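Structure first, then comments.
Everything numeric here is computed off the predicted structure, so don't read it as measured data. So that the names make sense, note that chain A is the first sequence line, chain B the second, and so on, each numbered from 1. For the numbers below, each heavy atom of this structure counts, side chains included, while hydrogens, waters and symmetry mates do not.
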2 protein chains.
Amino acid sequence: MAAVTGASPAPDAPPRPGLRERKKIRTREAIRSAAYALIEQQGYDSTTVEQIAERAEVSPSTVFRYFPTKEDIVVTDEYDEPLLAELAARPAGEPWTDSVRYVIREAVRLALTERPETTRLRARLMLEVPAVRARMRETLTGTGRTLAETVAGRTGLDPRSLEVRVHVMSLIGGLLEATLYWAEHGHREDYADLADRAIDVIEHGPPAGKS
Amino acid sequence: MAAVTGASPAPDAPPRPGLRERKKIRTREAIRSAAYALIEQQGYDSTTVEQIAERAEVSPSTVFRYFPTKEDIVVTDEYDEPLLAELAARPAGEPWTDSVRYVIREAVRLALTERPETTRLRARLMLEVPAVRARMRETLTGTGRTLAETVAGRTGLDPRSLEVRVHVMSLIGGLLEATLYWAEHGHREDYADLADRAIDVIEHGPPAGKS
DNA sequence: CTCTCTCATGAGAGTTACTCTCATTTCATG
DNA sequence: CATGAAATGAGAGTAACTCTCATGAGAGAG
């Protein structure tokens, strides 16, 4: 128990791959891709965690060690952190909604270039499987809180105020709605444009109607 | 009780109470209040559906017949429909956000007057139990769609357009955020005011900051 | 009032996501 | 190589659902 944790290997150590870590990352990926493959051909509900485990050549226990819920296998992503970092790194003078726009476009471009199938499947699952959608909303709420910090830092507002919370959450919700819309329409429209339109609504309100 | 025996069951009676329906309603309420009572004293997670069934004097099967999920017992409400009707019945000239404000205030007043304990407990559960929160979001999404219809009818916009969807959903999300804020702060602030502030943010954007 | 016919209920078995515990194996380190 | 820590596997256990089938209680027709 004692000082073990604080031992030598942590003066700086940003690049410490660690031979053990490799295996963990590989296992993680194995589980994920096993899940995606099975879900693609059988559907989400008919795919059991046991099947995923078998295909990934690990035990069911291990699957739950890596992902707290079945939905997380599909919902989780390693992209959130770098993107939020990128957001924080944007020029301070830039209006923060523009920063968000920029980062969103980057994210979309990245996802669609590197893993187009997976990206579309995820959007479809979000649309069709309530549990996945729910989980996605929940994790997005988390990134929303982080986003609030960033925004508050930029604007000088209190990140804990109701106003900032509501605004950030409506932004998040709007982007999710854009994603659902995208999937609903068979991914035919440009996702980045949809996201832009969603942000517009949040910023300037909806296009004027009669009343 | 007396008049029940009277000659004709009902003079006009557009709604047909039906002696059988009564029992269903009573069962429904029995399950709900059993759930609330048990949850209040044991917490949500430690309360099983079996316990709820026992206390409501029905079988577990019946509980699931009435409520598709455990969360629904706590999340569901009979108030949504009348409130949406009331919204639709508002004067056509009134700006629709004002209509929403009005209806929200009514809903809050009603809930806090008639079932203050339950209302607070629900808000607390939404805050503390992820599953309940998730389910609430899901059902709110449903009422959001209905709301979109109403709004679209008022404004002449297309209820299926991305813009209307995003705007309505951000409104819903904002109100939910207000509810969470309310619960987080021990229900100390006036909920109707919080809702108003949330709607303000959606309508006019957040208070101006530096950037 | 009685005979159906329908529909709500109860009972029970089955599935599956998840939790916990403990023994074993695998890697890191001195 | 030896020792300690961390990852894995195995297995038992829980609880939320799902399905099916038999029974009982209401509604309506005669």
Side-chain angles (χ1 to χ4, degrees), chain A residues 1-10 13 16-31 34-35 38-39 42-76 129-132 134-135 138, chain B residues 4 8-10 13 16-31 34-35 38-39 42-76 129-132 134-135 138:
Chain A
M1 261 316 187
V4 178
T5 335
S8 44
R16 239 338 186 20
L19 209 158
R20 211 170 202 167
E21 300 300 309
R22 293 284 172 83
K23 212 168 188 178
K24 292 217 314 195
I25 293 178
R26 272 184 40 223
T27 309
R28 205 177 186 77
E29 281 311 316
I31 294 172
L38 287 170
I39 288 171
Q42 309 180 344
Y44 183 84
D45 288 328
S46 344
T47 302
T48 78
V49 172
E50 205 172 347
Q51 290 176 325
I52 297 173
E54 195 180 3
R55 176 136 176 175
E57 296 182 274
V58 293
S59 75
S61 319
T62 300
V63 173
F64 286 111
R65 255 187 264 276
Y66 279 81
F67 302 94
T69 73
K70 182 183 167 189
E71 295 87 51
D72 276 290
I73 305 177
V74 166
V75 160
T76 301
V129 185
V132 172
R135 193 80 187 122
E138 192 70 10
Chain B
V4 176
S8 41
R16 255 298 184 57
L19 208 157
R20 211 172 201 165
E21 299 300 311
R22 294 284 170 84
K23 212 168 188 178
K24 292 218 308 196
I25 294 177
R26 272 185 38 221
T27 309
R28 208 178 183 74
E29 281 311 317
I31 294 171
L38 286 169
I39 289 171
Q42 310 180 344
Y44 182 85
D45 288 327
S46 344
T47 302
T48 79
V49 172
E50 205 171 345
Q51 292 175 324
I52 296 173
E54 194 180 3
R55 175 138 177 174
E57 295 182 274
V58 293
S59 76
S61 319
T62 300
V63 173
F64 286 112
R65 254 186 264 277
Y66 280 81
F67 301 94
T69 72
K70 180 183 168 189
E71 294 87 51
D72 275 290
I73 306 177
V74 166
V75 160
T76 300
V129 185
V132 171
R135 194 78 187 126
E138 192 70 11

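Remark: P of C:dA8 and CZ of B:Arg28 are 12 Å apart, rounded to the nearest angstrom. Rounded to an integer number of Å, the gap from CD of A:Gln51 to C1' of C:dT16 is 11 Å. Put simply, CZ on B:Phe67 is 21 Å from P on D:dA15, counting in whole angstrom units. Remark: C1' of C:dT6 and NZ of B:Lys24 are 12 Å apart, rounded to the nearest angstrom. Residue B:Ile31 contributes atom CD1, which lies 15 Å from atom C1' of D:dA16 at whole-angstrom precision. Between the CG atom of A:Asp72 and the P atom of C:dT19 there is a distance of 11 Å, given to the nearest Å.
By the salt bridge (Lys or Arg N to Asp or Glu O under 4.0 Å) test, B:Glu50 is found to be paired with no residue, residues two or more places apart in sequence or in another chain being considered. Not a single side-chain hydrogen bond (donor to acceptor under 3.5 Å, both in side chains) links A:Tyr66 to another residue, sequence neighbours left out. Taking the side-chain hydrogen bond (donor to acceptor under 3.5 Å, both in side chains) definition, one finds that B:Ser59 meets it with B:Thr62, sequence neighbours left out. Partners of B:Phe64 under the side chain to side chain contact (heavy atoms under 4.5 Å, CB included) rule, at least two apart in sequence or in another chain, are B:Val49. With sequence neighbours left out, B:Arg28 forms a salt bridge (Lys or Arg N to Asp or Glu O under 4.0 Å) with B:Glu78. With sequence neighbours excluded, no residue forms a side-chain hydrogen bond (donor to acceptor under 3.5 Å, both in side chains) with A:Thr27. Checked against salt bridge (Lys or Arg N to Asp or Glu O under 4.0 Å), A:Glu54 has no partners two or more places apart in sequence or in another chain.
Across residues 56-66 of chain A, A:Phe64 each have a non-hydrogen atom less than 4.0 Å from an atom of DNA chain C (numbered order).
Here the closest heavy-atom approach between residue A:Gln42 and residue A:Thr47 is recorded as OE1-OG1, 3.3 Å.
Each of A:Thr27 and B:Asp45 was assigned the nucleotide of DNA chain D with the nearest heavy atom; the assignment lying further toward the 5' end belongs to A:Thr27.
If you check every strand for non-hydrogen atoms under 4.0 Å, B:Thr47 touches sugar and phosphate atoms only.
For C:dC18, the OP1/OP2 oxygens have no side-chain nitrogen or oxygen of A:Lys70 closer than 4.0 Å.
Considering only heavy atoms from C-beta on, B:Arg135 comes within 4.5 Å of B:Glu138 through its side chain.
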Between protein and nucleic acid, restricted to nucleotides 26-28 of chain C and to nitrogen or oxygen atoms under 3.5 Å apart, what atom pairs and distances do you find?
| unit_1 | atom_1 | unit_2 | atom_2 | d |
| --- | --- | --- | --- | --- |
| C:dT26 | O2 | A:Arg20 | NH2 | 3.2 |
| C:dC27 | OP1 | A:Lys23 | NZ | 2.7 |
| C:dC27 | O2 | A:Arg20 | NH2 | 3.4 |
| C:dA28 | OP1 | A:Leu19 | N | 3.4 |
| C:dA28 | OP1 | A:Arg20 | N | 3.0 |

